[in-house]
Amino acid sequence: MSDAATPARRLVTEVPGPRSRALMARKSKAVARGIGTTVPVFATTAHGGTVVDVDGNTLIDLGSGIAVTTVGSSAPRVVDAVRDQVGAFTHTCFMVTPYEPYVAVAEALNRLTPGDHPKRTALFNSGAEAVENAVKIARVHTGRTAVAVVDHAYHGRTNLTMAMTAKVQPYKQGFGPFAGEVYRVPTSYPFRDGGLDGVEAARRATDQLDQQVGATNLAALVIEPIQGEGGFVVPAPGFLPALADWCREHGVVLVADEVQTGFARTGAMFACDHEGVVPDLVVTAKGLAGGLPLSAVTGRQEVMDAPGPGGLGGTYGGNPLACAAALAVVETIEADGLVERAREVERLVLTRLRALQDADPRVGDVRGRGAMIALELVRPGTTDPDPDLARAVAAEAHRQGVVVLTCGTYGNVVRLLPPLAISDAELTEGLDVLVAAFGTA
Ligand code: PLZ
């Protein structure tokens with residue numbers, strides 16, 4: 001924590017410093033090069049809105065480990081809950097001898113996800129694993145096989161989810177053949193689709209599904225309510241509700257991939273809540289368990305219960321440490337008012353970034369909700385993507401001790417995902433550095 005008088009950042013070496021550079025040399029000799037790193041520093045501790053590296057530098061965190069540490073990286077309730085659980089037992093396998101925290105996480109998800117209908121939940125380890133299970137469940141429920149996804153989608157790196165992810169480089173290049181029966185249709189991307197309204201954009205997608213796939217062949221439509229890796233694309237109002245209507249009319253299971261948007265991140269518990277959309281299934285991960293690996297599929301009881309006993313599972317799914325963490329995360333979000341905090345973060349960030357947009361013609365679009373806000377960078381006067389600028393701005397921010405990430409199909413989006421435990425002073429200082437980075441890039 002810091003106040004306006006004491007800077008949150010503390011840089012005692014250049015970034016990366018000598019210890020991080022030495023570790024990076026070891027990494028490159030020991031770790032497969034396919035595992036990339038965004039910021040070239042090695043972490044030792046992380047609290048509210050800061051990360052301390054092995055050289056003693058304190059960096060401001062505007063990335064939350066890709067939208068995971070919403071409550072902070074060492075949130076007191078999470079640390080206590082996990083410490084208690086690790087002393088009690090680390091694993092029995094819920095499919096062998098079950099334990100209460102798993103049931104309590106399922107109850108919490110059933111309560112918090114959109115809609116008042118009877119629900120059931122199943123727990124897994126990663127976002128991709130949960131997306132795969134949502135598709136499995138939808139296929140059994142409908143007796144159909146086809147899966148619809150949209151342009152710019154990101155759903156993971158496993159075989160089925162690679163097929164569902166849009167971007168080839170780096171996620172899919174050379175990794176095929178991919179799973180079949182996955183069909184991609186256009187989405188709503190207000191900055192790039194010439195002002196198509198939400199209902200028109202939905203009709204463009206569903207017309208294509210009707211003509212090229214056939215609604216009666218579709219098990220599920222899987223969609224991120226706000227796209228994450230694809231560029232923080234917020235669809236035009238009415239797009240998601242129109243898709244939901246079409247799915248209901250045709251018996252297609254609507255799966256909301258809230259892996260990146262869930263758990264207060266967007267200034268609502270779930271991004272679907274902004275437009276009152278009630279999906280049949282909701283996929284969660286990331287922010288759910290404060291950094292411990294946990295994911296979930298939650299949804300309508302009759303859909304979730306389609307696979308028979310033993311049809312779903314996995315050795316580690318709903319690991320007790322991760323469940324203990326998730327219960328502490330939910331308690332923290334509710335007790336600390338983090339949904340409202342995300343809205344405050346939105347106001348603070350948007351004010352600064354809109355001022356930057358007014359002053360800098362390379363900032364084509366500022367968009368997002370809550371603590372999920374991005375800048376799309378372009379060549380001035382056009383919508384031509386400028387990925388080099390995004391890379392340069394991010395690299396300069398990193399050198400100045402601020403963790404920011406890029407994303408987008410064209411690699412030209414700088415995204416902010418601060419932990420909600422960040423203080424206003426830390427956030428403001430991080431934004432100062434980001435804005436200054438535009439002056440040097
Ligand atoms: N669905 C919407 O954002 C993960 C990927 C980082 P896993 N996004 C970060 C990378 O380069 O691998 C994500 C997501 C959405 C699914 C996933 C997949 O979640 O926990 O990474 O499998």
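Both counts, for ligands and for their atoms, begin at 1 and track the order of listing. Just the heavy atoms: all of them, side chains too, but no hydrogens, waters or symmetry mates, feed the values below.
When the options V283, D257, I223 are ranked by their closest heavy atom to atom 15 (C) of ligand 1, first place goes to D257.
At a distance under 4.0 Å, a protein heavy atom can be found next to atom 11 (O) of ligand 1.
Residue H155 touches ligand 1 through its backbone alone, judged by heavy-atom distances below 4.0 Å. At a heavy-atom distance under 4.0 Å, no atom of E129 approaches ligand 1. Within the 4.0 Å heavy-atom criterion, both parts of A128, backbone and side chain, lie near ligand 1.
Looking at R77 and D80, no side-chain N of the basic residue comes within less than 4.0 Å of a carboxylate O on the acidic one, giving no salt bridge. A salt bridge links R399 with E396; the closest basic N to acidic carboxylate O contact falls under 4.0 Å. With respect to the salt-bridge test (charged N to carboxylate O, under 4.0 angstrom), the residues R300 and D280 qualify. A salt bridge between E376 and R367 is present, with a side-chain N of the basic residue lying under 4.0 Å from a carboxylate O of the acidic one. Salt-bridge formation is not detected for the pair K136/E129: no Lys NZ or Arg NE/NH1/NH2 atom is positioned less than 4.0 Å from an Asp or Glu carboxylate oxygen. A salt bridge is absent between R265 and E346; no separation between the charged side-chain nitrogens and carboxylate oxygens falls under 4.0 Å. A salt bridge does not link K119 with D305: every distance from a Lys NZ or Arg NE/NH1/NH2 to an Asp or Glu carboxylate oxygen is 4.0 Å or more. In summary, R203 and E200 do not engage in a salt bridge, as defined by a charged side-chain N under 4.0 Å from a carboxylate O.
Of all the atoms in ligand 1, the ones that sit under 4.0 Å from a non-hydrogen atom of I66 are 6 (C), 9 (C). Set against the non-hydrogen atoms of S126, the atoms of ligand 1 under 4.0 Å away are 20 (O), 22 (O). Atoms of ligand 1 found under 4.0 Å from any heavy atom of R157, numbered from 1 in the order shown, are 10 (C), 11 (O), 12 (O). Atoms of ligand 1 found under 4.0 Å from any heavy atom of E224, numbered from 1 in the order shown, are 2 (C).
Heavy-atom distances between G127 and ligand 1 reach below 4.0 Å in at least one pair. The shortest heavy-atom distance from K286 to ligand 1 is under 4.0 Å.
Geometrically, ligand 1 and Q260 share a nitrogen or oxygen pair separated by less than 3.5 Å. For ligand 1, the polar-atom distance check finds an N/O of Y154 within less than 3.5 Å of one of the ligand's N/O atoms.
The shortest side-chain heavy-atom distance between I137 and M304 falls under the 4.5 Å cut-off.
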